[in-house]
Structure formats: structure tokens, C-alpha cells
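Below is one structure, written out as C-alpha cells, with a few remarks after it.
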Protein chains: 2
Amino acid sequence: MIQAPENSVFDASGHDHGACIHDALTRAETLCAQQGLRLTAIRRRVLELIWENHRPTKAYDLLNSINAERGNAAPPTVYRALDFLLDAGLIHKIESLNAFIGCDAAHGDGHPKFLICRACERVAEIPSPAVDTALAREAKRAGFTIDHETIEIGGTCAACAQRG
Amino acid sequence: MIQAPENSVFDASGHDHGACIHDALTRAETLCAQQGLRLTAIRRRVLELIWENHRPTKAYDLLNSINAERGNAAPPTVYRALDFLLDAGLIHKIESLNAFIGCDAAHGDGHPKFLICRACERVAEIPSPAVDTALAREAKRAGFTIDHETIEIGGTCAACAQRG
DNA sequence: CTTTAAATGTTATATACTAACGATTGAATA
DNA sequence: TATTCAATCGTTAGTATATAACATTTAAAG
Ligand SMILES: [Zn+2]
Ligand SMILES: [Zn+2]
Ligand SMILES: [Zn+2]
Ligand SMILES: [Zn+2]
């Protein structure tokens, strides 16, 4: 039986997703404890919903989920939770989709960069020191100081290409 | 008297902006003529407004301008013009700002990449074969086929950093 | 306890975008 | 030139995304 390579950045389909969600929340709790941040019930639940989805997730889908559970959420409820999670570095916003995804820390020390499959909607954070270096060089040449990078590469992942 | 370096990618403040707008429109007309595309009055005016602004420009600002001039524009009027200009490669969308900017072709053959100054809102398209190469390598490693790249680097340009 | 700042609830509104359909235009060709 | 047909545009309405403003609740700190 053919297995997808375990070390692929896109191996999300073959993973233990229960453990994946659990680990993400544990990491979040650890980070918040370390930094003196409050991972409140709403914030925790929004993060959990995003990881349950394990795909770029829209604010209003989160809103609908929260409302189905507790019936009293308005847009600010969700956007405030998202702002907190973004500031804490626990999620990223995918600008080209107006959607949010859990940070798996795969970008390491560098700026986050994403491969986004349009077919299956899965996203991989990739590290790439070479990209960081090249961009830093271009910025320096222009006398430009970098604050934030939005690097979102759209296309087709290996699995989706294979199945046509 | 101190002059900004003329060869800077961010030299928009010292340029002949009248000629800049005129050149952009001439390029657009040439391109459309070559490709059998129709640069209609609305499309031409939207492109002109974007170049007059010479900054990332929001759809509703364009809508208001058009309305001030002719009084009968609705959102589709502007969005259809923008879609045409995007398809023709005459403008780019800046996803992180929900705004549109004229293409100055500085990205050359590669995917467009932008340096975006948060202070003065100016944008520079930069070429960077090194970035393209590094991203292509990462994509290949992941078995990922690239369709489209969104690369938007936010920060502070040299002029804005200098004036504090 | 109190105090106070952070977090949340609530209402309203701003901004960004698209679907649908009829009217007009203009390029192609009969 | 007249006809035709597809592209463009006008118009209405609606959906999707995000924020402002202020009241209320919660919980950390004194
Ligand atoms: Zn998972
Ligand atoms: Zn895929
Ligand atoms: Zn100019
Ligand atoms: Zn600047």
C-alpha cells in the first residue's frame, strides 16, 4: 500500500488529527502562560475551531459555530478573539483568502510563508531562509525596513495533482 | 540641496508625475491594441485615477471619484473595470490592503513582489529572481505546482525612516 | 472587600464584493 | 447598409468582511 511521504509539508491528511488539535491547544496554553496572556474560553474555542478545521477558516464560519454553541456571539466576539490570537502568533491571516489558519510554527524564526492548494484548500507553512535572505537583500538595496511579510503561494499540492 | 537617489525603487516623490500618468496610459493603449482588448472610457478612467493617485487605491474611492464625475456608477461599474485591468496585467491587487495599484512592469518576467511603506503608503514593485528561485525550489521540494504568488512586504521606506 | 483594567455583550454601521437581468453598444458579417 | 450577436454597461439587490462606540461583566491587583 502506497503511503504519502510522512515528511511532506502537506501530510495533513495522514496525520493523527485528534492529537494535532490537542497539541496545538497545549502549545497555546504554554505560550500564554509564559507570556502572561489570558487564553479565555472564547479565545480558546476559536483557536480550537480553527484547528479542528485545519484549513483556512473564515471569521463568519467561526461566528456561526460559536453561535450554534452558545447563541450570543456577534462579529466583534470573533474578531476580538482573532486579533488576540494573531497578536499572540497562534494563528495567521491568509490575506488572499480572508481567512485564518493555526500557526504550526513551521516557519521557524523567519517570516511565515504559505503554500496554499486551491483544490483541497490545505495550507503548508514553509520555512525558507533563502527567500528571507533574498528579500532582506532587496529591502536593503532599497533602504527599506521590513515589518511584516505576506507571502502566499497559490497552486496545487502533490496529492491533488496526482488525483487529477 | 539633498536629493533622493534617482534610481531608488521608491523615487516616486521626485518624478514627473504628469509624464508618469501619461506613459502608463500610453502603455495600456499599446498593450490593448496589440492584444485586441478594448480599453473603454470607464476602464481607461479607472486606470488613470489609480495612476493619478500613484498609491494603493480602494475600489470605493474609485467609485466615489467616478460618481463625482458622471453620477451614475454602482459598485459593479468599478469592479468590472478592475477585473479587466487585472486580467490585462495593467494593475495589481494588494491583498493586504484590499487596494489596487498600477503595474509599472518592474517585476519583469517574474511574479510581482511589493515593498509597501506603511508611513507614506507608497509601493515599489521589485524584481527578485533570487526570491523566485528560492520559492520555486521550496515548491518543488513539496511537489507543489505554483499558480499565483502574493508577496507583499510591509515596512518603512528610506525617505520615511529618515524623516523619523 | 474595593478598585481598576481587561474582556465581553450589544447595537449599529462601515467597507468590500457579487449575482442577476435588462439595456446599450459596437464589431462582424450577410 | 442592415442584421446579428456577443461584449459592455446600467441598475437593483443582496452577501460577505470588518469596525466603531458604548454598556456590562469579569477577574487581577491592591
Ligand atoms: Zn490536524
Ligand atoms: Zn491539494
Ligand atoms: Zn507617478
Ligand atoms: Zn514611506
Side-chain angles (χ1 to χ4, degrees), chain A residues 28-29 32-47 49-50 53 55-88 90-101 121 150 152, chain B residues 28-29 32-47 49-50 53 55-88 90-101 121 150 152:
Chain A
E29 267 156 11
C32 288
Q34 283 172 350
Q35 314 231 356
L37 301 174
R38 291 178 53 202
L39 190 63
T40 62
I42 297 174
R43 292 166 176 176
R44 196 192 137 94
R45 184 61 184 137
V46 167
L47 181 61
L49 285 166
I50 291 172
N53 200 22
R55 273 172 177 66
T57 304
K58 305 238 162 198
Y60 273 69
D61 290 341
L62 293 166
L63 180 57
N64 289 336
S65 298
I66 299 274
N67 260 329
E69 292 172 7
R70 353 180 329 185
N72 67 332
T77 303
V78 145
Y79 280 102
R80 287 194 284 231
L82 290 170
D83 284 344
F84 170 85
L85 296 169
L86 285 168
D87 287 347
L90 293 168
I91 62 173
H92 300 295
K93 179 170 186 184
I94 307 293
E95 297 284 356
S96 58
L97 298 174
N98 292 323
F100 302 85
I101 188 148
E121 298 186 281
T150 299
E152 300 172 4
Chain B
E29 266 154 13
C32 288
Q34 283 172 349
Q35 315 231 356
L37 301 174
R38 292 176 53 202
L39 190 63
T40 62
I42 297 174
R43 292 165 177 178
R44 196 192 137 92
R45 184 60 183 137
V46 167
L47 180 61
L49 285 167
I50 291 172
N53 200 22
R55 274 170 178 67
T57 304
K58 305 238 164 196
Y60 271 67
D61 290 341
L62 294 167
L63 180 56
N64 289 336
S65 297
I66 301 275
N67 261 329
E69 292 171 8
R70 353 177 331 182
N72 68 331
T77 303
V78 146
Y79 281 104
R80 286 193 284 231
L82 290 170
D83 284 345
F84 170 86
L85 297 169
L86 285 168
D87 286 348
L90 293 168
I91 62 173
H92 300 293
K93 179 171 185 185
I94 307 293
E95 297 284 355
S96 57
L97 296 174
N98 292 322
F100 303 85
I101 189 148
E121 299 186 280
T150 299
E152 300 171 5

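In what follows, chains carry the letters A, B, and so on, assigned in the order in which the sequence lines appear, proteins first and then strands, with residues in each chain numbered from 1.
- When only modelled atom types and interatomic distance are considered, A/Glu152 and A/Ser96 share a side-chain donor-acceptor pair under 3.5 Å.
- Counting heavy atoms from C-beta on, the side chains of A/Phe84 and A/Cys32 come closer than 4.5 Å.
- With a 4.5 Å cut-off on side-chain heavy atoms, A/Pro56 and A/Asn98 do not count as touching.
- Contacts with DNA chain D (heavy atom under 4.0 Å) in residues 37-45 of chain B: B/Arg38, B/Thr40, B/Ile42, B/Arg43, listed by number.
- Distance check: A/Ile66 CD1 to A/Tyr60 OH gives 14.0 Å after rounding to the nearest 0.5 Å.
- With contacts defined as side-chain heavy-atom distances shorter than 4.5 Å, the pair B/Arg43/B/Thr40 qualifies.
- Minimum interatomic distance between B/Glu121 and B/Arg55 (heavy atoms only, all atoms of both residues): O-CG, 3.7 Å.
- Five base pairs at each end of the helix from C/dC1-D/dG30 to C/dA30-D/dT1 define two local axes, and these are offset by 30° (rounded to 10°).
- Taking the side chain as every heavy atom from C-beta outward, A/Glu95 and B/Thr150 never approach each other to under 4.5 Å.
- The minimum heavy-atom distance between B/Ala73 and B/Leu63, with the atom names listed, is O-CD1, 3.5 Å.
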Could you walk me through whether B/Thr57 and B/Asn53 pass the side-chain hydrogen bond (donor to acceptor under 3.5 Å, both in side chains) test, one step at a time?
CA-CA 7 Å; B/Thr57 304; B/Asn53 200 22; 2.6 Å; yes
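- In terms of position along DNA chain C, the nucleotide closest to B/Tyr79 lies nearer the 5' end than the nucleotide closest to the other residue of the pair B/Tyr79 and B/Pro76.
- A/Leu90 places none of its side-chain heavy atoms less than 4.5 Å from the side chain of A/Ile50.
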Show your working on side chain to side chain contact (heavy atoms under 4.5 Å, CB included) between B/Arg45 and B/Leu49 and close with a plain yes or no.
CA-CA 6 Å; B/Arg45 184 60 183 137; B/Leu49 285 167; 3.5 Å; yes
After noting the C-alpha distance and the side-chain angles of A/Leu86 and A/Lys93, does the key distance pass the side chain to side chain contact (heavy atoms under 4.5 Å, CB included) rule?
CA-CA 8 Å; A/Leu86 285 168; A/Lys93 179 170 186 184; 4.2 Å; yes
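- Nearer the 5' end of DNA chain C, as judged by each residue's closest nucleotide, is the contact made by A/Ala73, out of B/Lys93 and A/Ala73.
- Between the side chain of B/Asn72 and the backbone N or O of B/Asn67, no donor-acceptor pair lies under 3.5 Å.
- Less than 4.0 Å separates DNA chain C from at least one heavy atom of each of the following residues of residues 57-70 of chain B: B/Lys58, B/Tyr60.
- Reading DNA chain C from its 5' end, the first and the last nucleotide to sit under 4.0 Å from a heavy atom of chain B are C/dA16 to C/dG26.
- Within the 4.5 Å cutoff, no side-chain heavy atoms of B/Phe100 are placed close to those of B/Leu85.
- Listed by first and then second residue, the side-chain hydrogen bond (donor to acceptor under 3.5 Å, both in side chains) pairs involving residues 74-87 of chain A amount to none (not counting sequence neighbours).
- Protein chain A touches strand DNA chain D; the 5'-most and 3'-most nucleotides with an atom under 4.0 angstrom of its non-hydrogen atoms are D/dT17 to D/dA27.
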